[in-house]
Structures are given as structure tokens and as C-alpha cells.
Amino acid sequence: MSTLYTVCKASGTEAEKVGTMAFSMESELWEGNTGGLDKQAFINAAETLLSGSGFWALLAKDHTGETVGVMTLSECAALYAGGHFGEIMEMYIEPEHRSAGVGAMLIDAARDFAKSKGWPFLEVGSPEQPKWARTLSFYKRQGFREIGPRLELALW
């Protein structure tokens, strides 16, 4: 039996769903050790970012309207891009809905959104390898190419 999914752009009133799912992603990536971050901080950040500009979220919902996945997009700028481009900042799908085409639907919706913004491409950072090799393989199957590792410098 196949479950039907839809993808829509999140509104500001859905910040709790966006923040909660992003927190779930971080908890999974860091195996529960989120370095002192709490779910409410993610929800607060989602409320702020969704009410501004340059940040959007896409929600995947099942046939009952339950949110089962999220993707956040941010507008970036670089000379090599000739201006603005998009970056997938977070993407999370509830474990029981993985391998059901939800991720591909989110990527397709992100492609359409990126084209509507006139972005020449989307970038995404893949989590630590080889531990998250399945994630990297997913993005490659969706047409992404490797351009090198992403590094972070913590400032606080």
C-alpha cells in the first residue's frame, strides 16, 4: 500500500513543526548530544527566520496532513555563482517515511523553488563521511556533485 505525500512551502505559523524537525535532525546527527541546544531554541529560530527574508522551509506531509519531512533553504551569494544561489541548510525525514520517495519530492520542490528565484544552482552540505554515506549517495542520485568538504569555525 502506497502512502501519498505532498510538499508545500511552510508558513510562519508552522515554525514549531519546522523547528522541531530540525532539532530531530541535529539530535540524530549527533546521536542525542546536541551540545546544550534545546528544541525551543530551534522553534524560536524558525519563527524568526520564517518571518524574515532569505530563508524558507518546505514541508512534506502524508495523506493525513501529518508533517513527515522538512527542508530549509537559504539564499546565499558568491562571486563564483554570479550572484545569489540557494543552499539546503537542513533536511530531515521521519525514519518511518524514509525510502518512500519523500526526500526526492523535497528535492524536486527545492529545484522548482530555486528556478523561481533565478538561482543558478543549489548547494548542500553532507554530514560526516563515511558514517552518513547513505545520505551522500541520496544527494548524488538526485544530481548533486561533490565539490569538497564543508568546514565550520565556531565563534562562541
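If you're wondering where the values come from, they're calculated on a predicted model, not measured in any experiment.
- Among residue pairs with one or both ends in residues 90-106, those qualifying as salt bridge (Lys or Arg N to Asp or Glu O under 4.0 Å) are E28-R98; sequence neighbours excluded.
- Looking at residues two or more places apart in sequence or on another chain, you find no side chain to side chain contact (heavy atoms under 4.5 Å, CB included) involving D112.
- The OH atom of Y5 lies 9.0 Å from the NE2 atom of H63; values are rounded to the nearest 0.5 Å.
- In this structure, OH on Y92 lies 11.0 Å from CZ on F23, to the nearest 0.5 angstrom.
- Side-chain heavy-atom separations under 4.5 angstrom define the hydrophobic clusters, and the remaining members of the one that includes F121 are Y80, F85.
- Nearest heavy atoms, A15 versus A46: O-CB, 3.5 Å.
- Evaluation of the side chain to side chain contact (heavy atoms under 4.5 Å, CB included) rule for K17 yields E14, K61, T67 as partners, not counting sequence neighbours.
- Scanning both residues, G103 and M91, for their nearest heavy atoms gives CA-CE, 3.4 Å.
- Residues Y139 and I107 are in side-chain contact: their nearest non-hydrogen atoms beyond the backbone lie under 4.5 Å apart.
- Between the CG atom of L73 and the NZ atom of K9 there is a distance of 10.5 Å, given to the nearest 0.5 Å.
- Taken to the nearest 0.5 Å, the OG atom of S126 stands 13.0 Å off from the CZ atom of R134.
- From Q142, atom CD reaches atom CG of L106 across 10.0 Å, with rounding to the nearest 0.5 Å.
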Taking it one step at a time, do Q129 and L136 satisfy side-chain contact (heavy atoms from CB on, under 4.5 Å)?
-> CA-CA 8 Å; Q129 298 301 309; L136 180 60; 3.7 Å; yes
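- Hydrophobic clustering of Ile, Leu, Val, Met, Phe, Trp and Tyr side chains at less than 4.5 Å, counting indirect connections, keeps I43 apart from M21.
- In this structure, E26 contributes its side chain and S24 its backbone to no donor-acceptor pair below 3.5 Å.
- Within the model, atoms CG of L59 and CE of M71 stand 11.0 Å from one another, a figure rounded to the nearest 0.5 Å.
- When all heavy atoms of A22 and V70 are compared, the pair lying nearest together is N-CG1, 4.5 Å.
- Residues W132 and L29 have side chains in contact (heavy-atom distance under 4.5 Å, counting atoms from C-beta outward).
- Two residues are said to be in side-chain contact when any heavy atoms from C-beta on lie closer than 4.5 Å; I88 and T72 fail this criterion.
- Contacts of F113 classified as ring-ring contact (aromatic ring centres under 6.0 Å, His included), with partners at least two apart in sequence or in another chain: W56, W119.
- Taking the side chain as every heavy atom from C-beta outward, K117 and H84 never approach each other to under 4.5 Å.
- By the rule that hydrophobic residues join a cluster once side-chain heavy atoms approach within less than 4.5 Å of another member, V7 and M89 end up as members of separate clusters.
- Of all heavy-atom pairs between V102 and H97, the closest is CG2-O, 3.7 Å.
- With sequence neighbours left out, R111 forms a salt bridge (charged side-chain N to carboxylate O under 4.0 Å, His left out) with D108.
- In terms of modelled atom types and a separation under 3.5 Å, the side chain of E47 and the main chain of L50 share no donor-acceptor contact.
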